[in-house]
Each structure stands twice: as C-alpha cells, then as structure tokens.
K.L.:
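Mind looking over this structure? Questions follow.
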Amino acid sequence: MRLILDIGCGAHKQPGTIGIDRRPIPGVDVVCDFERGLPFRDGSVEAAYSIHSIEHMRDLITFMEELYRVCAPGATVLIKTPYYASRKAFVDPTHVRFMTEESFGYFTAQNYYGLKTNFQVRSIIYSMRKPFKFLPAYFQKRCRRYLWNVCEEMTVTLEAIKP
C-alpha cells in the first residue's frame, strides 16, 4: 500500500494523501500529536507533505526522527514554511520557530547532535516578493540574506537516504 502523508493538514489536505492533524476536523484522517510519534510502520511512507506546520512544532527534532523512521528509502518530503526573515514568520502567534535553508542541514547523516536522520536536501524554492523575484539568482540570494521581508516562504524538498 502506497502511503502519502499530509502532516498538519488542517482543512486543506493534499489530494490523495492521508491527512494527519492534532484536531479532529473535516479532511483529517488520523488524529495524533505528531511531535510524539507517527502511527505508521517503519519504512512504510513513500512521500509526505508538511505545509505550514513545522513552524508550529515545539519538538522538531523528535518529529524529524519519527518522520525519518516511517519514511521508505528514497521517500520524498516536501516542507513549506515561512522564511525566517519574513513578516509571515512572525505574524502568527502560534509560530514557535523560524527556519532558514541551513536549518535542514542538521537532519543529514553527519549531524552535530547525533540525530537518527539522514535527509538530503534535493531542492529549495523561494517565494520572493516583487520586485525581488525578477532579479538574477545571485542578487536574490543576497537580498534574502541581508534584507528584511523580501522572501515570504520556502519550499524544501528532502529525500530520505536509507540503506
């Protein structure tokens, strides 16, 4: 059975996915606290979405270890989150963390904290605000790093590397 998860889906579950959320609302198939564990077998998930949910997680490390545990070798994980230097990152009072592109490097096999994960970043797509989105990539990168509110969010695609 092909499992594709939408973690923290709320009322906006991705088509063809199993919707997971903490609240029992329409569209949610599995109600659980995904920071404490995911109710799926090891290596059973082929893909997962986490769209605007990781910025709400207090225990991101446990969640990422659990997500890695349930991912099959080569599983794709798509994460969309506000960019750390964006107004979107700060406006919601339920956000507990801010993510940069470097944040995901902590979840590779060679991580400083000995985490039980090996996610490789396959791509990052930035949602740049006008007029910055029309600049060449080099200038977009500099603007993201040194200016406030030029990038609203990023979409990070990870791959679970397993033997």
K.L.:
Should Y49 and L67 be regarded as members of a common hydrophobic cluster, given that ILVMFWY residues are connected when their side-chain heavy atoms come within less than 4.5 Å of each other, either directly or indirectly?
P.N.:
no
K.L.:
Is any side-chain heavy atom of M57 less than 4.5 Å from a side-chain heavy atom of F34?
P.N.:
yes
K.L.:
Does a sphere of radius 6.0 Å around CZ in R87 hold more than 12 heavy atoms from other residues, nucleotides or ligands, not counting ones at 6.0 Å or beyond?
P.N.:
no
K.L.:
After noting the C-alpha distance and the side-chain angles of Y126 and V150, does the key distance pass the side chain to side chain contact (heavy atoms under 4.5 Å, CB included) rule?
P.N.:
CA-CA 10 Å; Y126 301 94; V150 300; over 6 Å; no
K.L.:
Work out which heavy atom in S86 is nearest to a heavy atom in C151; give both atom names and the distance.
P.N.:
CB-O, 3.2 Å
K.L.:
Can you name the nearest heavy-atom pair linking A47 to V45, along with the distance?
P.N.:
O-CG1, 3.1 Å
K.L.:
Is the shortest heavy-atom distance from the side chain of Q140 to the side chain of R142 under 4.5 Å?
P.N.:
no
K.L.:
Using 4.0 Å as the upper bound for N to carboxylate O, is an ion pair formed by D21 and K13?
P.N.:
no
K.L.:
Is the gap between the ring centers of F90 and W148 under 6.0 Å?
P.N.:
yes
K.L.:
Could you give the distance from CZ (R36) to CZ (R22), rounded to the nearest 0.5 Å?
P.N.:
9.0 Å
K.L.:
Using a 6.0 Å cut-off, check whether atom NZ of K116 has over 12 heavy atoms from anything other than its own residue.
P.N.:
no
K.L.:
Do the ring centers of F119 and F104 come within less than 6.0 Å of each other?
P.N.:
no
K.L.:
Check the pair T76 / E159 against side chain to side chain contact (heavy atoms under 4.5 Å, CB included), numbers first and verdict last.
P.N.:
CA-CA 5 Å; T76 299; E159 181 184 349; 5.5 Å; no
K.L.:
I'd like to know if V31 and I18 are part of one continuous hydrophobic network [Ile/Leu/Val/Met/Phe/Trp/Tyr, side-chain heavy atoms within less than 4.5 Å].
P.N.:
no
K.L.:
Tell me, do V156 and S123 make a side-chain contact under 4.5 Å, heavy atoms counted?
P.N.:
no
K.L.:
At what distance, to the nearest 0.5 angstrom, does CG of L38 lie from CG of L5?
P.N.:
7.0 Å
K.L.:
Only one of H52, E55, H56 passes side-chain hydrogen bond (donor to acceptor under 3.5 Å, both in side chains) with T81; say which it is.
P.N.:
E55
K.L.:
Donor-acceptor pair, distance only, cut-off 3.5 Å: does the side chain of T17 make one with the backbone of Q14?
P.N.:
yes
K.L.:
With the side chain counted from C-beta on, respond yes when I125 and K80 share a heavy-atom pair under 4.5 Å apart, and no when they do not.
P.N.:
no
K.L.:
I'd like to know if V77 and I161 are part of one continuous hydrophobic network [Ile/Leu/Val/Met/Phe/Trp/Tyr, side-chain heavy atoms within less than 4.5 Å].
P.N.:
no
K.L.:
Return the minimal non-hydrogen interatomic distance between L115 and E65, and the atom names on each side.
P.N.:
CA-OE2, 3.5 Å
K.L.:
Any non-hydrogen side-chain atom of C9 less than 4.5 Å from a side-chain atom of V28?
P.N.:
yes
K.L.:
Check whether R144 reaches the backbone of F139 with its side chain - one donor and one acceptor, N or O, closer than 3.5 Å.
P.N.:
no
K.L.:
Restricting to non-hydrogen atoms, name the atom on Y84 and the atom on R145 that form the minimum distance, rounded to 0.1 Å.
P.N.:
OH-O, 4.1 Å
K.L.:
Quick check for you: to the nearest 0.5 Å, what is the distance between K162 atom NZ and T117 atom OG1?
P.N.:
10.5 Å
K.L.:
If you count every heavy atom of other residues, nucleotides or ligands that lies below 6.0 Å from Y138 atom OH, does the total exceed 12?
P.N.:
no
K.L.:
Drop me the distance from I51's CD1 to D6's CG, to the nearest 0.5 angstrom.
P.N.:
5.5 Å
K.L.:
Hydrophobic cluster membership, with links at side-chain heavy-atom distances under 4.5 Å among I/L/V/M/F/W/Y: are F40 and I4 in one?
P.N.:
no
K.L.:
Look up atom CZ in F63 and atom CD in E35, then write down how far apart they are to the nearest 0.5 Å.
P.N.:
8.5 Å
K.L.:
Nearest 0.5 Å, please: how far is OG1 in T157 from CG in L78?
P.N.:
4.5 Å
K.L.:
Among K88, E101, E153, exactly one meets side-chain hydrogen bond (donor to acceptor under 3.5 Å, both in side chains) together with Y83. Which residue is that?
P.N.:
E101
K.L.:
Is the shortest heavy-atom distance from the side chain of P39 to the side chain of V30 under 4.5 Å?
P.N.:
yes
K.L.:
Within a strict 4.5 Å, meaning less than it, do heavy atoms of the L60 and I54 side chains meet?
P.N.:
yes
K.L.:
Any side-chain heavy atom of Q120 sitting closer than 4.5 Å to one from L158?
P.N.:
no
K.L.:
Compare every heavy atom of C32 with every heavy atom of G37, then report the nearest pair and how far apart it is.
P.N.:
O-SG, 4.1 Å
K.L.:
Can you see which heavy atom on I7 is nearest to which on S53, and at what distance?
P.N.:
O-OG, 3.2 Å
K.L.:
Evaluate whether atom CZ of F132 has more than 12 neighbouring non-hydrogen atoms of other residues, nucleotides or ligands under 6.0 angstrom away.
P.N.:
yes
